[in-house]
Amino acid sequence: MVQEICVFLFSLTALGVLHIMNTVPAFQEPTVIMQTGLAVLLIVFLLIYLATRYNPPKDPLFYVFAVFSFTCVIDIVSALEYDGFISGYMDFYQKLGEPYLGSAYAIMMCYWDGIVHFIMYLVLIHRMSSRKHYRNLGLFWAGSLLANMVVFLMGIVVGKYGSEIYPAFWINMPFLLLPIWGAIHLFQKPRELLVVGVTKAEREQKKALIWRPLDLMLVIYLLCAMGFTLFRGLAVLDCPVEVFTTYINQYEPYLKDPSGFPKVMMLLLLFHALPLLGSFVYGLITPGCSWMLDWSVYIAGAILQTQWCHIGASLHPRTAEVYSTPESTLLPVLLLNLLYAVGPLLLALRCTGDPAYFLSTAPVGQANNEKKWN
């Protein structure tokens with residue numbers, strides 16, 4: 001309990017750093033902003049490392065979570081200042097740091113990072129310090145942050161903000177590279193041993209899909225989600241078929257937003273999420289697909305985060321009215337996007353909550369008529 005409280009309190013010092021940089025002109029040159037930002041990240045890491053040197057964490061991801069907690073405070077301050085709730089912290093950064101943070105998509109992204117990711121970091125640190133399992137939550141975080149950064153960085157480069165890239169853009173690189181390493185690290189980390197009764201596992205794996213109504217509904221959902229993913233992917237690629245142009249003009253005009261973020265997001269889902277959604281259908285039909293326990297959690301984090309930004313940005317007042325969702329079609333579009341966001345989360349909860357169907361039949365240990373699987 002002590003470590004996460006210390007991390008939380010230390011993260012609040014970001015407010016002082018922002019205030020100093022916003023009031024001292026010497027810190028307000030584009031190159032200096034980048035150098036100061038990278039230096040602050042390094043100093044934060046060194047302070048955390050020195051504070052834990054006598055009781056070092058067993059997993060180096062602890063340092064990543066602690067440093068990123070510090071930056072979460074910066075993100076929530078950025079979002080609140082752009083929305084007019086506070087002032088006096090980010091004026092310099094809005095002009096000469098990362099002006100694209102004022103886009104509707106980036107504001108929603110900062111809210112997610114400053115609230116959801118911040119809570120996740122504190123929970124992960126707590127579970128690490130308490131020697132509790134944290135692999136699944138870590139995979140959810142990795143999927144969320146990686147999808148976040150891929151859409152964000154690619155959208156900046158290919159969208160209208162491509163001509164407004166300042167040196168501070170490169171501060172984002174650790175937030176792309178470290179989650180990649182973190183995801184690899186977590187996928188390679190041994191899964192917690194699951195103790196499942198032999199009888200239950202065999203009974204579940206012998207059931208046809210028709211006798212597993214929850215899995216049947218998830219398969220139907222996944223097939224619909226695959227169609228929706230393909231449909232929106234073709235729409236942002238300017239497919240000339242009338243149904244695509246009608247949808248993008250009358251239902252989700254935000255897909256045409258010149259910021260580039262919605263287009264990159266749809267292409268990311270088309271080329272990466274679509275194959276995974278198809279593989280999940282296979283995993284729900286074929287017993288013993290233990291990879292479902294990991295990848296369902298990872299993709300749930302990715303889709304939930306991107307959908308949060310997409311839905312929020314399409315409704316945000318900073319989005320031009322011509323690209324906002326029309327009131328006449330708001331309800332069906334909102335419902336479709338919410339279902340698309342929540343479905344993978346329900347799949348992940350189903351897989352991790354009752355994993356018997358997905359476990360390999362090859363046990364690594366046995367006791368009291370029970371088998372343990374990785």
Side-chain angles (χ1 to χ4, degrees), residues 8 11-23 27-28 33 37 40 68-122 144-145 147-149 151-156 159-161 164-166 168-169 171-172 175 252-265 304-327 330 333-334 337-338 341:
F8 172 78
S11 299
L12 298 180
T13 61
L15 297 172
V17 174
L18 289 174
H19 182 70
I20 292 171
M21 293 186 69
N22 197 54
T23 54
F27 289 115
Q28 298 173 11
I33 291 173
V40 167
F68 283 11
S69 296
F70 182 89
T71 62
C72 284
V73 175
I74 297 175
D75 281 344
I76 193 64
V77 168
S78 173
L80 291 172
E81 187 152 328
Y82 272 114
D83 276 345
F85 294 108
I86 59 175
S87 61
Y89 290 96
M90 299 288 289
D91 293 340
F92 75 101
Y93 208 74
Q94 294 173 1
K95 298 173 183 177
L96 299 173
E98 297 187 82
Y100 35 79
L101 289 177
S103 66
Y105 188 94
I107 289 173
M108 298 308 297
M109 179 196 75
C110 286
Y111 277 126
W112 181 272
D113 194 52
I115 299 173
V116 180
H117 283 163
F118 192 34
I119 293 172
M120 275 198 278
Y121 293 139
L122 296 178
S144 173
L145 188 54
N148 176 356
M149 295 309 300
V151 174
F152 180 58
L153 296 179
M154 292 299 294
I156 293 168
K160 69 176 183 180
Y161 295 103
E164 300 181 48
I165 296 178
Y166 292 101
F169 172 83
I171 298 176
N172 292 295
F175 301 93
E252 281 202 86
Y254 179 66
L255 295 176
K256 300 186 298 181
D257 188 275
S259 67
F261 299 122
K263 185 171 186 176
V264 171
M265 174 187 158
L304 193 60
Q305 192 280 333
T306 51
Q307 282 296 111
W308 159 267
C309 293
H310 179 71
I311 295 171
S314 67
L315 302 175
H316 198 278
R318 278 185 173 265
T319 296
E321 186 176 354
V322 68
Y323 300 118
S324 298
T325 306
E327 288 187 13
L330 178 60
V333 169
L334 188 60
N337 278 281
L338 287 174

State, with a plain yes or no, whether a side-chain heavy atom of [X] is found less than 4.5 Å away from one of [Y].
{"X": "V264", "Y": "F152", "value": "no"}
{"X": "Q28", "Y": "D91", "value": "no"}
{"X": "L315", "Y": "L330", "value": "yes"}
{"X": "S103", "Y": "Y161", "value": "yes"}
{"X": "S69", "Y": "F8", "value": "no"}
{"X": "S144", "Y": "W112", "value": "yes"}
{"X": "F68", "Y": "L145", "value": "yes"}
{"X": "Y89", "Y": "I74", "value": "no"}

Without swapping roles, check the side chain of [X] against the backbone of [Y] for a donor-acceptor pair under 3.5 Å.
{"X": "T319", "Y": "S314", "value": "no"}
{"X": "D83", "Y": "F85", "value": "no"}
{"X": "Q305", "Y": "A147", "value": "no"}
{"X": "D113", "Y": "M109", "value": "no"}
{"X": "Q307", "Y": "N337", "value": "yes"}

Taking all non-hydrogen atoms of both residues into account, name the closest pair between [X] and [Y] and its distance.
{"X": "F70", "Y": "S11", "result": "N-OG, 3.5 Å"}
{"X": "A168", "Y": "G97", "result": "CB-O, 3.6 Å"}
{"X": "L101", "Y": "I107", "result": "O-CG1, 3.5 Å"}
{"X": "F92", "Y": "L18", "result": "CE2-O, 4.1 Å"}
{"X": "G88", "Y": "H19", "result": "O-ND1, 3.9 Å"}
{"X": "P262", "Y": "D257", "result": "CG-CB, 3.9 Å"}

Separation between [atom1] of [X] and [atom2] of [Y], rounded to the nearest 0.5 Å:
{"X": "I311", "Y": "L334", "atom1": "CD1", "atom2": "CG", "answer": "6.0 Å"}
{"X": "L304", "Y": "C309", "atom1": "CG", "atom2": "SG", "answer": "10.0 Å"}
{"X": "L153", "Y": "F169", "atom1": "CG", "atom2": "CZ", "answer": "5.0 Å"}
{"X": "L338", "Y": "W308", "atom1": "CG", "atom2": "CH2", "answer": "11.0 Å"}

So F261 and Y105, would you call those rings parallel, tilted or perpendicular, with 30° and 60° as cut-offs? parallel
Using the ring of each side chain (for Trp, its six-membered ring), is Y254 parallel, tilted or perpendicular to H310, with breaks at 30° and 60°? tilted
With side-chain contact (heavy atoms from CB on, under 4.5 Å) as the criterion, how do Y111 and V116 come out once you've worked through the C-alpha distance, each side chain's angles and the decisive distance to 0.1 Å? CA-CA 8 Å; Y111 277 126; V116 180; over 6 Å; no
Go through V73 and L15 one step at a time and tell me if the side-chain contact (heavy atoms from CB on, under 4.5 Å) criterion holds. CA-CA 7 Å; V73 175; L15 297 172; 4.0 Å; yes
Of Q94, H316, M90, which meets side-chain contact (heavy atoms from CB on, under 4.5 Å) against Y82? Q94
For side-chain hydrogen bond (donor to acceptor under 3.5 Å, both in side chains), just list the numbers for E98 and Y166, CA-CA rounded to whole Å, side-chain angles, deciding distance to a tenth of an Å, and then say yes or no. CA-CA 7 Å; E98 297 187 82; Y166 292 101; over 6 Å; no
